[in-house]
Peer 1: 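Pasting a structure below so you can have a look.
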Amino acid sequence: MPQGKILLKPGTLWTSVKERTEHALQCGALLSIPTEFEFIEQDGVRFLVRILSNLNRKKAAKEKQEKQSAVSGQEFNPFLPYEEDLFVADISDTHVCILNKYNVVDRHLLIITRAFEEQESLLTLEDFAAMWACLADFDGLAFYNSGKSAGASQRHKHLQLVPLPLVPSGPQIPIEPLLKAGQFRESKATLAKLPFVNAFAPLNPDGMRSPFTAAQATLEVYRSLLGAVGLDAKQLDAYNLLATREWMLIVPRSQEHFESISVNSLGFAGTLLVRNAAEMEILKAQGPMTILKNVAIS
């Protein structure tokens, strides 16, 4: 299979993100969802928990999508075609970068496949090459929600990327203090302080100079981590993947929700989202790490 082509010019992505964000806000294409936040500590992690201030935008959008699907008889796909006003950059001949229309985190990016692929499908060399092309331009957390039970809201395959730091103070990623306590077996580790099945491995940021070279190494790590947590490389299982320039973490999932609280990959980074005061009370009563344990596999 011939290697794909990277179209993104080095050093241009972050400028494009800022320019396109301003444009999308001005024309009304970007509908950021306002939140308030507080910190809740459990098991050595200072979790950042956001509470939505206004759900009306996302609720109206969901109703519109359902109406479009009913009229057309087909499930609505916001990525085919994507909104031109949300376009950020062509990454490669297989992937495009757009803004997350209903973002909670500022400058939240989606790395989408040009052609339709199922969100549950395995990540490929091209997916990781697109990820590394973006990470080479700015320091961020990339993540993948593999399937609905892992928190995916769209069927069209997409990785996501948010800039670091995730929180205004302390570690850039709240879960980072626990990453140092890995029990390594060869190049893989289990993070013993996480009370659920997981697999962790370091990545080599030197490979960013060549996205496809880095992607090949990352693909091998990814397959190895899937095997380490008992996921069949040919089977479509729910899991969350988180990756930075330095490491990758995979967490298999048992369910999307704890009671009414939905959890995606960002939960396992140490940032959670609740929709109202009642959900915040549930989270405080149970503890964020306990909630993660319940939606993962222990």
Side-chain angles (χ1 to χ4, degrees), residues 6 10 13 43-48 91 109 111 122-146 150 159-167 170-233 237 239-253 264-271 289 292-293 296-297:
I6 297 296
L13 182 60
D43 295 352
V45 178
R46 192 167 172 249
F47 288 87
L48 182 140
I91 304 172
L109 307 179
I111 302 170
L122 291 168
L123 293 172
T124 64
L125 181 73
E126 290 76 17
D127 293 322
F128 285 121
M131 181 191 87
W132 278 112
C134 294
L135 284 176
D137 246 35
F138 69 91
D139 200 8
L141 172 70
F143 60 94
Y144 184 61
N145 304 319
S146 178
L159 288 111
Q160 304 185 54
L161 181 62
V162 290
L164 293 177
L166 295 184
V167 290
Q172 285 200 320
I173 301 172
I175 209 79
E176 275 183 333
L178 303 191
L179 304 186
K180 295 167 185 172
Q183 295 178 344
F184 278 88
R185 188 171 294 175
E186 296 177 357
S187 59
K188 301 187 294 288
T190 294
L191 301 179
K193 291 192 176 181
L194 294 179
F196 43 80
V197 174
N198 68 85
F200 172 84
L203 297 176
N204 182 4
D206 292 342
M208 286 189 295
R209 288 190 292 274
S210 170
F212 275 100
T213 301
Q216 186 58 59
T218 306
L219 183 62
E220 291 171 14
V221 171
Y222 164 68
R223 289 171 175 166
S224 175
L225 294 185
L226 286 179
V229 294
L231 294 177
D232 188 326
D237 292 295
Y239 63 89
N240 293 115
L241 176 146
L242 297 85
T244 68
R245 291 172 172 176
E246 283 84 31
W247 53 262
M248 178 185 288
L249 174 67
I250 285 183
V251 179
R253 293 290 298 273
N264 67 11
S265 293
L266 286 177
F268 295 96
T271 70
M289 190 70 84
L292 295 184
K293 181 181 177 181
I297 295 172

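Please read these numbers as outputs of a predicted model, since none were measured by experiment.
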Peer 1: When the ring planes of F200 and W247 are compared, do they come out parallel, tilted or perpendicular, using 30° and 60° as the limits?
Peer 2: tilted
Peer 1: What's the shortest heavy-atom distance between W132 and T244, and which atoms?
Peer 2: CH2-O, 4.2 Å
Peer 1: Are any of the side-chain heavy atoms of K293 and L194 separated by less than 4.5 Å?
Peer 2: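 Result no, sub-4.5 Å side-chain heavy-atom pair not found.
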Peer 1: How far apart are the C-alpha atoms of E246 and L179, what are their side-chain angles, what is the distance that settles it, and do they pass the side chain to side chain contact (heavy atoms under 4.5 Å, CB included) test?
Peer 2: CA-CA 11 Å; E246 283 84 31; L179 304 186; over 6 Å; no
Peer 1: To the closest 0.5 Å, what do you measure between CG (N240) and CG (N264)?
Peer 2: 6.5 Å
Peer 1: So do V45 and K193 actually touch side chain to side chain, heavy atoms under 4.5 Å?
Peer 2: no
Peer 1: If you define the side chain from C-beta out and look only at heavy atoms, does anything of L48 sit under 4.5 Å from L166?
Peer 2: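 No; the side chains remain at least 4.5 Å from each other.
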Peer 1: Suppose we screen for side chain to side chain contact (heavy atoms under 4.5 Å, CB included). Which residues come up paired with S146, at least two apart in sequence or across chains?
Peer 2: Y144, Y239
Peer 1: Return the set of residues passing side chain to side chain contact (heavy atoms under 4.5 Å, CB included) with A228 (not counting sequence neighbours), or none when no residue passes.
Peer 2: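 Per chain and number, A228 pairs via side chain to side chain contact (heavy atoms under 4.5 Å, CB included) with K188, A199.
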Peer 1: L164 vs D139, test: side chain to side chain contact (heavy atoms under 4.5 Å, CB included). Steps then yes/no.
Peer 2: CA-CA 6 Å; L164 293 177; D139 200 8; 3.9 Å; yes
Peer 1: Does any part of the side chain of T190, heavy atoms only, come nearer than 4.5 Å to the side chain of N198, both counted from C-beta?
Peer 2: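 Yes, their side chains come closer than 4.5 Å.
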Peer 1: Do side-chain atoms of T271 reach the backbone of L266 as a donor and acceptor pair under 3.5 angstrom?
Peer 2: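 Here the side-chain-to-backbone pair exists.
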Peer 1: What residues form a side chain to side chain contact (heavy atoms under 4.5 Å, CB included) with A133, not counting sequence neighbours?
Peer 2: I6, L8, I91, P211
Peer 1: Could you state the interatomic distance from CG (L135) to CZ (F128), rounded to the nearest 0.5 Å?
Peer 2: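 CZ of F128 is found 11.0 Å from CG of L135.
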